[in-house]
Amino acid sequence: MLVVTLAGGIWVGVALMSIGVVALEAFRDMRVDRFLASDIWSSSTAVELITLPLFILMGELLFHTRLSENLFRGLSPWTRRLPGRLVHVNVMGCTLFAAVSGSSAATTATVGRITLQELLARGYDKRLAVGSLAGAGTLGFLIPPSIPMIVYGVVADVSILELFIAGLVPGLLLAALFMVWIAFRAWHDPTLVPPMEPAIPRAEALKALGNLVPIVFLITFVMGSLYFGYASITEAAAIGVLGALLVALAQRTLSWLGLWQALLGTVRTCSMIGLILVGALFLSKAMARLGLPADVANEIEAWGLHPYMLIFVLLLFYLALGCVLDGLSAIVMTLPVTLPLAVAAGFDPIWYGVFLIITIEMAQITPPVGFNLFVIQGLTKDGIFRIAAWALPFCAIMMGFTILITLFPGIVTFLPHSARG
């Protein structure tokens, strides 16, 4: 039924809600209308959801600043002597912007609108430039603050702060692996990059770092207040909005029209996510009333899968699902079934959240429903499948990274467990 409703063009949130209603009406003798109304109210008024529009608004405001130009000017003097040269700006820029955005698409669009133009104009290979942007843009989901992590925390009922802390080290490691791959490709095939440019004097390179002051200020302003316990998640999000406004005002880039567009974009994004979230939470409770998660868990448990094999099956499952659904929908639709399986196999819910975020990162660059692919298509006018082919090595790196954190879960859990202690 879900496939039919989604194929018919019905909104994901409405489709999820309608399936829950039909299932309860058919198999349970209860007042579904009252249950639905009560569930929608309790889900949509959860305190944890206040952070969602605030972080989205912060990203929308930053889109109207000169952060993308500042990132390129500040980072390019320090990468031009590395193997791969200025292509590394894609990864480093996305890593920094992800720390103040929370959105993969916003990270890709903001960094890519400057770096792609500069890289292609200087003679860098288009495949490497576009592929690195597609891969690095997904870091907006993993490096906190992350919108999918907030949604996962609400649905899975785990600490959003611990999720944020858990995503920090994997996000930085993944960025480092991307840079290693870029360096290897440029070393293996020097024709991918133009001849090395003359070195910039150290004083000039240090002066260029001044362009990074606004984004470093925001990261310190928001994440510093969060990690050192000066603010809660919601307060840190509000601080982020204030910081973004201060940066926009200092740069004199935010007009009344830009402010209106930022507010309107926030309302649209929150409405979409809110409807999906409400529908998914209602469906999960309907499934629990019907006993479906427990039945599925018992059936899979009867297969006797090794925990590593279970994670491998879930990885393939989410990769396939990512080809037809956006990552956020995939999380909220499947979490009531897959999370109990992972926990029963001995995996930490915080670890599973980071694993899930990485899998939907891969969904961002897999056709035909990869949001990052659509963003880059708007920047380059290339076909979706061509961009996906250029991003394939970075998708493979993410897949290998999921194996690494499965074998060594402490990469994810060490910081949050230390903070908890």
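Between Pro214 and Gln251, the shortest heavy-atom distance links the atoms CG-NE2, 3.9 Å. Listed here is the closest heavy atom pair of Val193 and Ala186: CG1-CB, 4.2 Å. Shortest non-hydrogen contact noted between Pro148 and Ile360 is CB-CD1, 3.9 Å. Considering all non-hydrogen atoms of both residues, Leu61 and Ala262 come closest at CD2-CB, 3.9 Å. Nearest approach of Thr359 to Leu315, heavy atoms of both residues: CG2-CD1, 3.6 Å. Summarising the geometry of Leu339 relative to Ala156, their closest heavy-atom pair is CD2-CB, 3.6 Å, with the distance given to 0.1 Å.
Taking Asp348 as the reference, nothing meets the salt bridge (charged side-chain N to carboxylate O under 4.0 Å, His left out) condition, with sequence neighbours excluded. Considering only residues two or more places apart in sequence or on other chains, Arg386 meets the salt bridge (charged side-chain N to carboxylate O under 4.0 Å, His left out) condition with Asp382. For Val169, the side chain to side chain contact (heavy atoms under 4.5 Å, CB included) partners are Leu173, Ile411, Leu415, not counting sequence neighbours. Qualifying side-chain hydrogen bond (donor to acceptor under 3.5 Å, both in side chains) partners for Thr108, counting only residues two or more places apart in sequence or in other chains: Asn372. Every residue was checked against the side-chain hydrogen bond (donor to acceptor under 3.5 Å, both in side chains) condition with Thr266, not counting sequence neighbours, and none meets it. Scanning for side-chain hydrogen bond (donor to acceptor under 3.5 Å, both in side chains) contacts around Gln377 gives an empty result, with sequence neighbours left out. In terms of the salt bridge (charged side-chain N to carboxylate O under 4.0 Å, His left out) criterion, residue partners of Arg122 (sequence neighbours excluded) are, by chain and number, Glu118, Glu197. Remark: Val412 engages Ala166, Pro170, Trp351, Val354, Ile405 in a side chain to side chain contact (heavy atoms under 4.5 Å, CB included) (not counting sequence neighbours).
Side-chain contact between Leu263 and Glu60: absent, with no pair of heavy atoms (C-beta onward) separated by less than 4.5 Å. Contact annotation: the side chain of Val100 approaches that of Leu62 to within less than 4.5 Å [non-hydrogen atoms, C-beta and beyond]. Taking 4.5 Å as the limit, some side-chain heavy atom of Leu335 sits within range of a side-chain heavy atom of Thr338. For the pair Val111 and Phe72, the minimum side-chain heavy-atom distance is 4.5 Å or more.
At least one donor-acceptor pair under 3.5 Å links the side chain of Thr366 to the backbone N or O of Ala363. Side chain of Tyr124 to backbone of Leu86: a donor-acceptor contact under 3.5 angstrom is found. His88 places a side-chain N or O within donor-acceptor distance of the main-chain N or O of Pro83, the cut-off being under 3.5 Å.
Sequence neighbours left out, not one pair with a member in residues 388-413 passes side chain to side chain donor-acceptor pair (under 3.5 Å). Counting only residues at least two apart or in different chains, ring-ring contact (aromatic ring centres under 6.0 Å, His included) contacts with residues 150-178 comprise Phe178-Phe394. The salt bridge (Lys or Arg N to Asp or Glu O under 4.0 Å) analysis of residues 159-174, with sequence neighbours excluded, yields the pairs Glu162-Arg420.
Ring-plane geometry between Phe221 and Phe217 is classed as parallel, the angle between the planes falling under 30 degrees on a 0 to 90 degree scale with a further cut at 60.
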Requested in this report: Could you check Asn70 against Ile215 for side-chain contact (heavy atoms from CB on, under 4.5 Å), going step by step and ending with a plain yes or no?
Outcome: CA-CA 9 Å; Asn70 291 346; Ile215 195 164; over 6 Å; no
**Report entry** Pair Thr79-Arg85, side-chain contact (heavy atoms from CB on, under 4.5 Å): steps then yes or no
**Finding:** CA-CA 5 Å; Thr79 60; Arg85 315 226 214 295; 6.0 Å; no
Report task. Give the intermediate values and the outcome of side-chain contact (heavy atoms from CB on, under 4.5 Å) for residues Arg127 and Leu192. Result -> CA-CA 9 Å; Arg127 295 167 298 173; Leu192 297 176; 3.8 Å; yes
Report task. Start with the C-alpha gap between Ile403 and Phe312, add the side-chain angles, then the distance that decides, and say whether side-chain contact (heavy atoms from CB on, under 4.5 Å) holds. Result -> CA-CA 8 Å; Ile403 298 174; Phe312 180 69; over 6 Å; no
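To the nearest 0.5 Å, the span separating CG on Leu54 from CD1 on Ile239 amounts to 11.0 Å. In this structure, Leu163 CG and Leu168 CG are separated by 13.0 Å, a value rounded to the nearest 0.5 Å. The CD1 atom of Ile350 lies 9.0 Å from the CE atom of Met149; values are rounded to the nearest 0.5 Å. Atom-to-atom distance recorded for Phe347:CZ and Ile311:CD1 is 4.0 Å, nearest 0.5 angstrom. With rounding to the nearest 0.5 angstrom, the CG atom of Leu246 is 8.5 Å from the CG atom of Leu218. In this structure, CG in Leu319 is found 5.0 Å from CE in Met362, a value given to the nearest 0.5 Å.
Heavy atoms from other residues, nucleotides or ligands lying under 6.0 Å from CD of Gln117 number 12 at most. In this structure, Tyr230 places its OH atom where only 12 or fewer heavy-atom neighbours from other residues, nucleotides or ligands lie under 6.0 Å away.
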Identify all side-chain donor-acceptor contacts of residues 132-143 below 3.5 Å with residues at least two apart in sequence or on another chain.
residue	atom	partner	partner atom	Å
Ser132	OG	Asn90	ND2	2.9
Ser132	OG	Leu128	O	2.9
Ser132	OG	Ala129	O	2.9
Thr138	OG1	Gly135	O	2.6

